[in-house]
Amino acid sequence: MAVEGGMKCVKFLLYVLLLAFCACAVGLIAVGVGAQLVLRETIVQGATPGSLLPVVIIAVGAFLFLVAFVGCCGTCKENYCLMVTFAIFLSLIMLVEVAAAIAGYVFRDKVMSEFNKDFRQQMQNYPKSNHTVLIMDKMQEDFQCCGAANYTDWESIPLMPKGRVPDSCCVNVTQGCGIAFNVKDIYHEGCVEKIGGWVRSNVLVVAAAALGIAFVEVLGIIFACCLVKSIRSGYEVM
């Protein structure tokens with residue numbers, strides 16, 4: 001039995017929300033992929049909470065897209081089982097997102113600690129690996145930083161000639177500018193703090209986006225439950 005009256009409006013709004021879910025899913029996947037690329041560029045390695053977070057984001061985005069498809073089919077066919085499945089899965093996604101948010105807050109210091117450790121380890125590898133050179137040079141140029149805490153961290157690294165810093169530490173990068181450098185011509189701030197500041201400045205944007213997605217999901221669950229109730233009432237009348 002087809003839904004009638006106010007439920008037609010609910011059904012229409014649910015279609016709109018399902019489109020929003022698809023957009024959110026694509027957005028989550030894009031954010032996850034982007035975060036993974038950033039982590040690769042900042043040389044965070046191993047199965048740390050920070051390195052696993054992009055994988056969780058991508059998985060949630062893919063699952064949300066699948067759930068939106070199930071919800072679309074259930075709404076179109078007014079299928080009781082599909083709509084119940086949609087509401088349950090959407091609730092599970094919300095729980096995962098809440099858990100991920102809590103984990104991100106709890107492990108925020110751990111992530112920075114791991115990044116600091118990995119960065120200093122890669123500084124040791126700088127004279128030995130061309131791949132590390134490319135990544136660290138790009139990072140120091142992009143974030144306008146030098147070393148982990150500051151440029152003096154490079155004093156313990158066996159670069160040739162002794163006492164130099166990578167050319168990427170220079171304000172104006174030229175060949176050999178890190179040799180016999182003038183302190184005023186290089187970046188003073190360390191990359192760990194600089195990148196940490198960049199992350200913190202973007203946390204509010206991410207939090208606002210997550211809040212918006214959660215609000216849409218709550219509406220989706222409410223509308224789905226209303227439609228489920230209407231469909232079940234139709235079955236009882238029959």
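In this text, all values refer to a predicted model and were calculated from it rather than measured experimentally.
Heavy-atom contacts from other residues, nucleotides or ligands closer than 6.0 Å to NE2 of H131 number 12 or fewer. Residue-environment remark: CG (N130) stays at or below the threshold of 12 foreign heavy atoms within 6.0 Å.
A donor-acceptor contact shorter than 3.5 Å is absent between the side chain of H188 and the backbone of C145. The backbone N or O of G178 sits less than 3.5 Å from a side-chain atom of D167, completing a donor-acceptor pair. A donor-acceptor pair under 3.5 Å links the side-chain atoms of N79 to the main chain of L82, judged by distance alone. One N or O on the side chain of K194 and one on the backbone of F143 form a donor-acceptor pair closer than 3.5 Å. A donor-acceptor pair under 3.5 Å is absent between the side-chain atoms of S129 and the main chain of N125, judged by distance alone. Between the side chain of S156 and the main chain of D153, a donor-acceptor pair closer than 3.5 Å is present.
Shortest non-hydrogen contact noted between C76 and Y15 is CA-OH, 3.0 Å. Nearest heavy-atom pair across G61 and A25 is O-CB, 3.2 Å. Across every non-hydrogen atom of E141 and S168, the tightest pair is CG-CB, 3.7 Å. Across V67 and I93, no two heavy atoms sit closer than the pair CG2-CD1, 3.8 Å.
You'll find the side chain of D185 stays beyond 4.5 Å of the side chain of C170, heavy atoms only. Inter-residue side-chain proximity for Y151 and F181 is flagged as met; some heavy-atom pair is nearer than 4.5 Å. Proximity of V33 to I58: side-chain heavy atoms (C-beta onward) are separated by under 4.5 Å at one or more points. Here the side chains of P161 and R164 are in contact, with some heavy-atom distance below 4.5 Å. Between F69 and C73, some side-chain heavy-atom pair lies under the 4.5 Å cut-off. Between L17 and E217, the closest side-chain pair of non-hydrogen atoms is not below 4.5 Å. In this structure, the side chains of L14 and M83 come closer than 4.5 Å at one or more pairs of heavy atoms. Looking at heavy atoms from C-beta onward, L18 lies out of side-chain contact with F223 at the 4.5 angstrom threshold.
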Can N150 and E189 be said to form a side chain to side chain contact (heavy atoms under 4.5 Å, CB included), step by step? CA-CA 5 Å; N150 54 56; E189 192 171 356; over 6 Å; no
Run the side chain to side chain contact (heavy atoms under 4.5 Å, CB included) test on L90 and F86 for me, step by step, so that the C-alpha distance in whole Å, both residues' side-chain angles and the decisive distance to 0.1 Å come before the verdict. CA-CA 6 Å; L90 200 56; F86 169 72; 3.8 Å; yes
Go through it in stages, so that I can follow the logic: the residues are L227 and T75, the test is side chain to side chain contact (heavy atoms under 4.5 Å, CB included), and I'd like the CA-CA distance, side-chain angles, deciding distance and then a yes or no. CA-CA 8 Å; L227 190 56; T75 304; 4.1 Å; yes
Run the side chain to side chain contact (heavy atoms under 4.5 Å, CB included) check on V192 and R120 step by step: do they pass? CA-CA 10 Å; V192 172; R120 291 181 181 277; over 6 Å; no
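The aromatic ring centres of F89 and F63 sit less than 6.0 Å apart.
Connection of V218 to V60 is established within a shared hydrophobic cluster, with ILVMFWY side chains joined at heavy-atom distances below 4.5 Å, either directly or through further cluster members.
The SG atoms of C191 and C146 do not sit under 2.5 Å apart.
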